[in-house]
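Model, not experiment: these values are computed from the prediction. In what follows, chains carry the letters A, B, and so on, assigned in the order in which the sequence lines appear, proteins first and then strands, with residues in each chain numbered from 1.
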Amino acid sequence: MIAFSGARSGTAPLTWGQRAIWDTIERTAPDDHYFNFGRVLEVPRGARPASVAHVSRGIGLLLERHESLRTLVGPGPCQDLRDRGELAVRIVADADPAEILAELTANAFAYASEWPLRVALVTRGDEVTHVVLAFCHMASDGLGAEEVVRDLRLLLLRGRLQGGAPPQPFDLALWQESPAGRRQAWSAASYWEREHRRMPPTMFHVPSGGAELPPIWRGTLNSPAIDLAAQRLAVRHGTSTSTVLLTAVSALVAEVTGHETVAVLPIVSNRFRADTRTAVTTLSQEGLFVLDVEKSRFADLLATAHPAVLRAYRSAYHDPADRERIVAETSRDRGTPIHPYCCFNDMRFTEQAVDRDEALIRQALSESSLTWPLSQEQLNCRFCVHLSGAMQVSLTADTRWLSRQDIERFLFGLERLIVEAALR
Amino acid sequence: MLKERLAELVSESCDGQITAAEVLEASVPLSYLGVTSLAQMRLIDAVEREYDVEIDLGGDVSFLDSVEGLAAWVSAAR
């Protein structure tokens, strides 16, 4: 057990980011363990040998510093911030940290009663070698978890952290309700409404005829060629590989569905402002990316995509209650449900773009491989693209709308589109 | 002065990976120097705070791609 005591307790409304992930968790239950994620920190050389007591102290300080790690979901729902408590820690000798992480993330959190962080220490002899952290998505998103890991690393090395307290979701919720927060919300809401009145009701509206049991399947294409080709395109067109991939996914969605206007919901970090950049909380929300795909050349499409990406990024910092109202109103006015059910999540933390050689890209094509790492019952979407590494592109889709064959065809089609554009 | 300050904001928006001097001397659009759309979003926030203006992303946003463009836009908006 690690005892901790922070500076304050109390209740506050959920922030926009917390509200967005909460709605998604509720819609995905009982498969909501889907949103658990984690990090493994290898104890840095300078902190070795680290005793269980030393590491536990560091984790206690972490919980004191970041209020989201000692916040439960209270009735309402609301933020239920506690100032003190005890966190159970698992200690396992000579284990594979990745396996321990899989165990820690396997079950959904008890949101109202369980601390939103599960911790295991992997030991060899008397020494802690790895700290395994499993996060409840109500406490943090991936970038927030990076902050936690960085702080923990420094705590292990130096025993303390410099600098003032980071921004806390408790205060963020109060800002979001202030006049300045409402102005931001209003500006984002007007954009969502305008686009919801013109975009196609949904992206995938024709049954695939190839529904599986369970219906949700993920295909993952491991494709170094996509990574290299996207880099070449990014350098050539003065953009990022993320924009290249989002644009390519949109172009291909247009091609397979026949829509001339494509709406995709990219997951956006919402860490552009000084009061959000280093916060440990879930800030990422869906933005709305709308692209008119009438241009045939990919290069022309990239130029159009740039301002559309900026609009999408800004629209992501919105009040989910506004969005819910807009979806309901526009669905009623247009006489059909309006929702893209088409999302895009670039989970890479950094990206580098170098003008890669043609031969290298061609050669990399032979290294591509497809796997099917996941199938499950529930997903509140029809089409979700995730990017990680260099580069795994996965498509998690509802086979009632895209068969497994469609998933495979899409992933290889995406590779072909990007590689051909890069070699043109 | 305006251009120098804007160049600093551009540099801060990309975590100093491009210096203010490089921004001022740039002969190509800033995006080709590595100012990504994420950095542009930080820049937009910084410019809005510093000059108490609001940038409308619905129109032409090519002014974000050079310090001259930014300076002209800020001067006109203030």
**Request:** Starting from the C-alpha separation in whole Å, work towards a yes-or-no answer on side chain to side chain contact (heavy atoms under 4.5 Å, CB included) for A:Arg271 and B:Arg42.
**Result:** CA-CA 8 Å; A:Arg271 289 173 186 269; B:Arg42 289 182 178 184; over 6 Å; no
[X] [atom1] to [Y] [atom2] distance, which is reported to the nearest 0.5 Å:
X: B:Ile44; Y: A:Phe272; atom1: CD1; atom2: CZ; result: 9.0 Å
X: B:Leu57; Y: A:Tyr313; atom1: CG; atom2: OH; result: 12.5 Å
X: B:Glu48; Y: A:Arg273; atom1: CD; atom2: CZ; result: 9.0 Å
X: A:His306; Y: B:Asp65; atom1: NE2; atom2: CG; result: 6.5 Å
X: A:Tyr317; Y: B:Asp45; atom1: OH; atom2: CG; result: 9.5 Å
X: A:Asp275; Y: B:Arg49; atom1: CG; atom2: CZ; result: 5.5 Å

**Prompt:** Got B:Ser37 and A:Leu310 here, is their nearest side-chain heavy-atom distance under 4.5 Å?
**Reply:**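 In contact.
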**Request:** Compare all side-chain heavy atoms of A:Arg311 with those of B:Val61 and state whether any distance is below 4.5 angstrom.
**Result:**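 A:Arg311 vs B:Val61: side chains apart.
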**Message:** For A:Val235, which atoms come within 4.5 Å of any heavy atom of chain B: side chain, backbone, both, or neither?
**Reply:**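 Answer is backbone: N, CA, C or O of A:Val235 sit under 4.5 Å from chain B.
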**Request:** Measure B:Leu64 against the heavy atoms of chain A and call it side chain, backbone, both or neither at under 4.5 Å.
**Result:**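 Only the side chain of B:Leu64 comes within 4.5 Å of chain A.
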**Request:** Take atom CZ of A:Arg153 as the centre, draw a 6.0 Å sphere, and report whether it contains more than 12 heavy atoms from other residues, nucleotides or ligands.
**Result:**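 It does not: A:Arg153 CZ has 12 such atoms or fewer within range.
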**Prompt:** Should we count CD of A:Glu260 as having more than 12 external heavy atoms under 6.0 Å?
**Reply:**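 Check fails, neighbour count at 12 or below.
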